[in-house]
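Notes for the one structure printed next.
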Amino acid sequence: MLTLNHLVALLPLVIVAITAVAVMLGIAWRRHHGLTALASAAGLLLALLALPIASGAPDSPPLMRVDGLAIMASTLVLLSALVTVALSHHYLTGYIGPREEFYLLLLCAVTGALGLVASDHLATLFISLELLSMPLYGMLAYSFRAERSLEAGIKYLILSAAATAFLLFGMALLYARTGRLDLAGLVTVLATAPDTWMLAGAALLLAGLGFKLSVVPFHLWTPDVYQGGPAPATIFLATVSKLAVFAVLMRLVLEAPVFQSDRLATLITVLALLTMLGGNLLALFQSNLKRLLGYSSIAHFGYLLVAVVAGGSLGMETAGVYLVTYLATTLAAFGVVTQLSSPFQGEDAAGLHHYRGLFWRRPWLAAVMTVSFLSLAGIPLTAGFIGKFYVIAMGVADNRWWLVGGIVVGSAIGLFYYLRVMVTLYLPEPGMRRRDASNDWGSRIGGVTLLATAVVILILGIYPTPMIDWVVGLSAIR
Amino acid sequence: MELAFYLSGLVAVLATLGVITGTSPVHSVVYLIVSLIAVALVFFALGAPFAGALEIIVYAGAIMVLFVFVVMMLNLRSDTRTDQPWLHPRQWLGPATLALVLLVAIMVLLARGSPGTLIDGELLTARSVALTLFGPWLMVVELSAILLLAALVTASHVGRRNNPLHKRKRGGNP
């Protein structure tokens with residue numbers, strides 16, 4: 001049964017869920033865009049403040065585990081969601097039609113993400129994953145009168161359903177062999193040598209989760225969905241959704257020994273290599289910025305898989321540090337796209353030509369973009385460098401030379417297209433059709449958030465010690 | 001009981017093959033109903049009569065009715081193949097045979113005695129399911145509730161008919 005202690009441990013999730021219901025009732029009573037956004041942000045902030053209380057709870061509720069990994073991932077999920085809400089408000093002011101549902105869907109998805117990162121049972125894992133994906137269909141298809149948005153939503157829905165089938169089949173195989181659904185039970189049964197069926201089940205689980213992370217053989221949906229979805233939905237997909245799924249993958253790998261068997265480790269290594277090389281190669285001659293960022297996020301999750309291969313507490317530390325840097329960077333990069341596309345005018349400003357000469361029009365926005373792309377490329381003094389340094393150091397320490405080689409080659413390729421975008425920002429403007437941010441973008445809450453994110457990238461790059469201490473401290477809590 | 005399990009499993013696979021190879025939506029729906037009933041029988045054979053009954057009530061009953069409604073509504077205007085003989089044996093022989101196999105299986109089971117004595121494992125009753133769902137699994141139930149809310153909001157948003165953009169184009173015609 002659920003006791004008061006359990007509810008305290010679940011406090012952030014409960015707060016976000018209550019906010020979702022409150023927002024829904026508010027919409028039913030009277031529509032007000034600004035108030036809805038404010039209420040959503042307040043709920044997310046409250047949940048963030050409740051996290052320290054939740055981490056102090058003496059025991060975890062049944063089917064869930066509130067440990068260091070869950071607290072770390074929850075913090076990052078809530079922060080990313082807050083940034084998304086801040087950026088959505090200005091974006092949606094231009095949307096004709098109901099705007100408030102976007103926040104409702106976002107809050108539902110955040111509830112799913114919070115449940116997912118704390119799930120300790122295949123049932124919670126599955127339901128939370130669905131709860132994370134279902135609102136995303138709606139968010140991606142939000143401006144459904146624009147053809148691409150609807151296409152993105154339907155594409156994600158259908159392919160996601162296929163991935164869910166893989167996931168369920170993997171769970172069924174594991175259940176058939178072990179008779180258990182809770183991770184602890186699975187681990188005790190699987191402690192003996194895993195047989196072919198269990199390996200197949202684990203591989204299918206991996207495929208299902210790999211789809212959500214757009215690991216290379218399962219990445220085909222990524223560019224279209226990233227391009228078609230409204231910019232705030234794309235931000236959410238690239239940050240919160242991927243982060244939560246990665247956290248649960250990390251938990252599976254850390255706890256279930258079947259994932260550390262030689263065959264599966266080889267499989268993940270191959271996937272990681274394919275992902276980092278494939279993502280970078282596909283991005284090379286991409287002229288659509290949202291597609292380019294989509295491919296780049298594929299490549300980054302290739303680097304992150306190195307931490308999964310290594311496993312152990314060092315693997316978790318690396319994954320945590322890399323995730324923090326990835327989130328800050330991605331939020332800034334997509335944030336600029338959102339700012340340029342706000343208020344909503346149908347298609348987002350994603351073509352590279354929209355960004356030509358941005359520096360001469362909007363120097364600060366171009367500076368944020370430059371910082372985020374330098375960070376994506378992993379240039380020193382930005383957050384991305386710290387993340388990449390960690391991954392390479394761990395690859396070397398773990399003697400995974402193939403993976404280290406892959407990271408080096410991938411980063412070299414990546415540098416080319418990141419620099420191409422950066423150069424575009426500073427080219428003189430040839431009088432092409434231009435999309436511009438509104439004049440007061442810097443004084444709006446979204447603009448302020450964006451500038452703060454860029455500052456965070458620089459601070460993390462120059463003085464990462466507090467962030468690393470935070471991650472290490474949380475990795476130790478089991 | 002074991003034979004019934006494998007038999008209905010086979011029927012479920014065959015009927016599902018019928019669903020995905022069929023060209024007419026109505027025939028696919030008929031195959032799908034047979035497939036769902038076969039899965040329900042699998043549940044019975046495994047000792048979960050409650051899950052089996054739910055499968056029939058929820059899936060074969062409620063959801064299939066929705067499917068048929070949608071198929072009928074979509075077919076309202078552009079049914080170009082009305083000249084096709086709907087009652088031709090080729091159309092109904094497949095699902096009917098599969099359903100007959102299921103009927104024979106359950107008849108044989110019933111003739112041999114009550115299912116409760118034939119099932120080897122423990123029976124999963126409605127009471128134990130409810131105790132699990134509203135005891136330790138309460139969070140899963142709550143998360144599913146929010147999942148349904150999200151699905152509902154998504155469907156109502158994307159399915160919205162009154163497009164403000166269209167209204168503006170049409171002028172004063174509401």
Side-chain angles (χ1 to χ4, degrees), chain A residues 1-2 6-7 10 13-14 16-17 20-21 23-24 27 61-64 95-98 100-102 104-112 114-116 118-119 121 123-142 144-146 149-150 153-154 157 182 346, chain B residues 2 5-6 9 12-13 16 19-20 32 35 39 42-43 45-48 51 55 59 63 120-122 124 128-170 174:
Chain A
M1 284 306 289
L2 282 180
H6 296 151
L7 282 181
L10 283 175
L13 194 153
V14 173
V16 175
V21 174
V23 162
M24 180 188 68
I27 293 174
L63 312 190
M64 297 190 136
Y95 182 74
I96 307 167
E100 292 80 5
E101 275 91 336
F102 192 85
L104 175 52
L105 291 173
L106 188 139
L107 287 169
C108 290
V110 171
T111 315
L114 291 180
L116 187 60
S119 58
H121 190 276
T124 0
L125 192 158
F126 175 70
I127 294 281
S128 313
L129 190 61
E130 285 307 294
L131 179 52
L132 176 60
S133 311
M134 177 60 78
L136 262 172
Y137 310 145
M139 286 163 76
L140 286 170
Y142 201 76
F144 55 97
R145 302 291 165 195
S149 174
L150 192 60
I154 290 182
L157 166 71
D182 52 324
Chain B
E2 214 162 276
F5 171 78
Y6 285 114
V13 171
T16 314
V19 175
I20 58 173
L32 192 52
S35 161
V39 172
V42 169
F43 278 130
L46 284 176
E55 178 89 13
Y59 285 95
I63 294 181
D120 297 331
E122 56 183 297
L124 199 63
S128 56
V129 171
L131 279 177
T132 315
L133 278 188
F134 290 94
W137 283 50
L138 190 62
M139 274 321 288
V140 180
V141 176
E142 296 297 330
L143 287 175
S144 319
I146 302 176
L147 175 65
L148 289 180
L149 170 70
L152 199 68
V153 172
T154 302
S156 86
H157 177 75
V158 178
R160 215 179 279 277
R161 289 298 280 278
N162 52 346
N163 180 9
L165 285 171
H166 278 204
K167 245 183 220 166
R168 191 184 290 169
K169 271 180 208 158
R170 273 192 231 138

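Quick note on labels: first sequence line is chain A, next is B, and so on, each numbered from 1.
Using a 4.5 Å cut-off between heavy atoms, A/Leu13 contacts chain B through its side chain alone, with no backbone atom that close. Residue A/Leu107 does not touch chain B at all, counting heavy-atom pairs closer than 4.5 Å. Using a 4.5 Å cut-off between heavy atoms, A/Pro135 touches chain B through backbone and side chain atoms alike. Residue A/Ala20: no heavy atom, backbone or side chain, is found under 4.5 Å from chain B. Looking at B/Leu148, neither its backbone nor its side chain comes within 4.5 Å of chain A, counting heavy atoms on both sides.
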**Asked** How far apart are the C-alpha atoms of A/Leu125 and A/Leu116, what are their side-chain angles, what is the distance that settles it, and do they pass the side-chain contact (heavy atoms from CB on, under 4.5 Å) test?
**Response** CA-CA 6 Å; A/Leu125 192 158; A/Leu116 187 60; 4.2 Å; yes
**Step-by-step side-chain contact (heavy atoms from CB on, under 4.5 Å) determination, B/Leu147 to B/Leu143** = CA-CA 6 Å; B/Leu147 175 65; B/Leu143 287 175; over 6 Å; no
**Request:** Start with the C-alpha distance between B/Met139 and A/Leu63, add both sets of side-chain angles, then the distance that settles side-chain contact (heavy atoms from CB on, under 4.5 Å), and finish with yes or no.
**Result:** CA-CA 8 Å; B/Met139 274 321 288; A/Leu63 312 190; over 6 Å; no
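At least one donor-acceptor pair closer than 3.5 Å links the side chain of B/His157 to the backbone N or O of A/Tyr142. A/Ser149 contributes a side-chain N or O that, together with a main-chain N or O of A/Leu140, makes up a donor-acceptor pair within less than 3.5 Å.
Interface check for chain B: of the options A/Glu101, A/Glu130, A/Met134, A/Met139, the most heavy-atom pairs under 4.5 Å are formed by A/Met134.
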